[in-house]
Trainee: 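If you scroll down you'll find the structure; I have some questions about it.
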2 protein chains.
Amino acid sequence: MNQDNLIPIPFVFEQPCPIRDVLDRIGDQWSLLILQVLEHGTMRFSAINRAIGDISKQMLSKTLRRLEEDGFIRRTLYPEVPPRVEYELTDLGRSFLVPMKGLVAWADDHHRAICEARADYAARAAS
Amino acid sequence: MNQDNLIPIPFVFEQPCPIRDVLDRIGDQWSLLILQVLEHGTMRFSAINRAIGDISKQMLSKTLRRLEEDGFIRRTLYPEVPPRVEYELTDLGRSFLVPMKGLVAWADDHHRAICEARADYAARAAS
DNA sequence: CGATCAAGTCTATGTTCTAGACCTTCGCTA
DNA sequence: TAGCGAAGGTCTAGAACATAGACTTGATCG
């Protein structure tokens with residue numbers, strides 16, 4: 001019935017799995033980008049919006065809320081008119097930047113190789 | 001018209017941006033998970049499927065194709081019946097594991113803190 | 001009086017993901 | 001000899017999610 005005893009699988013995620021839990025939250029289109037932007041200091045909603053450029057306000061709002069929920073960022077509302085809201089990294093968020101910078105550096109270093117791989121793939125697909 | 005000269009923004013992504021290019025591809029629900037699974041060696045389609053557990057075949061197929069396109073993994077088809085297809089990391093893919101392991105280690109180390117942050121947030125939301 | 005600001009939310013529309021049926025070709029079983 | 005199951009997918013229908021853009025709120029400016 002189950003193949004697992006016939007064909008051994010080298011690796012299976014236990015469920016629930018802490019890595020998956022974190023990666024599922026952080027591994028989306030926008031979270032890493034937002035954290036990267038906030039590295040440069042406290043920022044207001046619209047400033048983050050403009051820094052990223054092509055994120056919708058709804059998605060930004062939702063992602064910020066999730067990052068706040070997970071303790072990566074702190075949200076401070078100043079009840080002025082018009083309202084002012086500032087976002088900044090928490091200690092947890094700042095500590096996350098360390099492994100993330102490794103990822104970003106890798107991306108920077110290997111971007112050319114990836115582009116070449118894409119060109120190769122396209123060339124092979126065409127033939 | 002444009003606020004950028006009135007309110008300085010500490011950070012703006014240039015477009016096109018290599019970091020965004022890589023992060024947009026790798027930063028999805030499944031790519032990191034698949035690469036992590038493949039760290040343990042060459043695997044067949046259905047083995048990856050079972051290792052991850054809750055990915056749909058379509059998504060797995062699509063994500064594998066994208067990873068292959070970007071040069072992270074190599075796909076080898078053995079024209080037997082039934083067909084056998086094996087996936088393995090390329091050198092590029094393996095080099096990516098280095099920064100990724102940092103991320104995974106961080107996730108492991110800080111999972112508890114994140115869970116606490118979530119509980120705090122829920123408690124504050126309830127009150 | 002009307003426009004404008006910031007930080008969102010709401011809505012309509014469009015894109016993407018999921019679950020599950022289906023395809024192929026062969027060997028095995030009944 | 002008819003039918004089943006295997007592997008690695010693809011196809012389809014429906015659900016979930018993302019986007020663009022209008023709308024809100026209340027003080028301030030012209």
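Below, chains carry the letters A, B, ... as their sequence lines are ordered, and counting in each starts from 1. Side-chain atoms are counted along with the backbone in the values below, which use heavy atoms only and exclude waters and symmetry mates.
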Trainee: For A:R65 and C:dT9, is the shortest distance between a side-chain N/O and OP1 or OP2 below 4.0 Å?
Mentor: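 Looking at the OP1 and OP2 atoms of C:dT9, one of them is under 4.0 Å from a side-chain N or O of A:R65.
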Trainee: How long is the line joining CE of A:M59 and P of C:dA7, in whole Å?
Mentor: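 Rounded to whole Å, this separation is 19 Å.
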Trainee: Within the structure, does a side-chain N or O atom of A:R75 lie under 4.0 Å from either OP1 or OP2 of C:dG8?
Mentor: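 Indeed, a polar side-chain atom of A:R75 lies that close.
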Trainee: Starting at the 5' end of DNA chain D, which residue's closest nucleotide do you reach first, A:P83 or A:I55?
Mentor: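 Here A:I55 is the residue nearer the 5' end.
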Trainee: B:R84 side chain N/O closer than 4.0 Å to the phosphate oxygens (OP1, OP2) of C:dT25?
Mentor: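 Negative; the distance criterion is not met.
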Trainee: Rounded to whole angstroms, how far apart are NZ on A:K57 and P on D:dC17?
Mentor: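 In whole Å, D:dC17 P lies 23 Å from A:K57 NZ.
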Trainee: DNA chain C: B:V81 or A:L64, which has the more 5' nearest nucleotide?
Mentor: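 It is A:L64, whose closest nucleotide lies nearer the 5' terminus.
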Trainee: Within the structure, does a side-chain N or O atom of B:R44 lie under 4.0 Å from either OP1 or OP2 of D:dG8?
Mentor: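 Affirmative; the distance criterion is met.
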Trainee: When the aromatic ring centroids of A:W106 and B:F72 are compared, is their separation below 6.0 Å?
Mentor: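 Centroid distance A:W106-B:F72: below 6.0 Å, so yes.
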Trainee: Examine C:dA7: is either OP1 or OP2 under 4.0 Å from a nitrogen or oxygen in the side chain of A:S46? Give yes or no.
Mentor: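 For A:S46, the contact criterion (side-chain N or O under 4.0 Å from OP1 or OP2 of C:dA7) is met.
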Trainee: To the nearest Å, give me how far apart CD (B:E86) and C1' (D:dA7) are.
Mentor: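 Between C1' of D:dA7 and CD of B:E86: 12 Å.
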Trainee: Report the distance from atom CG of B:L60 to atom C1' of D:dG8, rounded to the nearest whole Å.
Mentor: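 In whole Å, D:dG8 C1' and B:L60 CG are 10 Å from each other.
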Trainee: Rounded to whole angstroms, how far apart are CD on B:Q29 and P on C:dT15?
Mentor: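 To the nearest whole Å, that distance equals 21 Å.
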Trainee: Quick one: which of D:dG8, C:dA7, D:dT19 gets closest to the side chain of A:S56?
Mentor: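 Out of D:dG8, C:dA7, D:dT19, the nucleotide with an atom closest to A:S56's side chain is D:dT19.
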Trainee: In terms of side-chain geometry, is the basic nitrogen of B:E39 or B:R94 positioned less than 4.0 Å from the acidic oxygen of its partner?
Mentor: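 Salt bridge absent between B:E39 and B:R94.
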Trainee: Do the charged groups of B:R118 and A:D21 touch, with an N to O distance under 4.0 Å?
Mentor: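 The answer is yes: the pair qualifies as a salt bridge.
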Trainee: Are any of B:S61's side-chain N or O atoms less than 4.0 Å away from OP1 or OP2 of D:dG8?
Mentor: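 No, because none of the side-chain N or O atoms of B:S61 sits under 4.0 Å from OP1 or OP2 of D:dG8.
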Trainee: Between P on C:dA6 and OH on A:Y87, what's the gap in Å once rounded to a whole number?
Mentor: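 After rounding, the gap between these two atoms is 14 Å.
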Trainee: Answer yes or no: side-chain N or O of B:E80 and base N or O of C:dT25 forming a donor-acceptor pair under 3.5 Å.
Mentor: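 Answer is no: no donor-acceptor pair is held.
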Trainee: Nearest whole angstrom, please: distance from the P of C:dA6 to the CG of A:L77.
Mentor: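 Rounded to the whole Å, the gap is 15 Å.
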Trainee: Is there a donor N/O on one and an acceptor N/O on the other, under 3.5 Å, for the side chain of A:Q58 and the base of C:dT11?
Mentor: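 Answer is yes: a donor-acceptor pair is held.
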Trainee: What's the CE-C1' distance between B:M43 and D:dG8, to the nearest Å?
Mentor: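 Spelled out: CE on B:M43 to C1' on D:dG8 is 15 Å.
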Trainee: Tell me whether A:K101 is salt-bridged to A:D108, with the criterion being a basic N under 4.0 Å from an acidic carboxylate O.
Mentor: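 No.
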Trainee: Would you check if there is a donor-acceptor pair between the side chains of A:S46 and A:N49 at a distance under 3.5 Å?
Mentor: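 No, no side-chain donor-acceptor contact under 3.5 Å.
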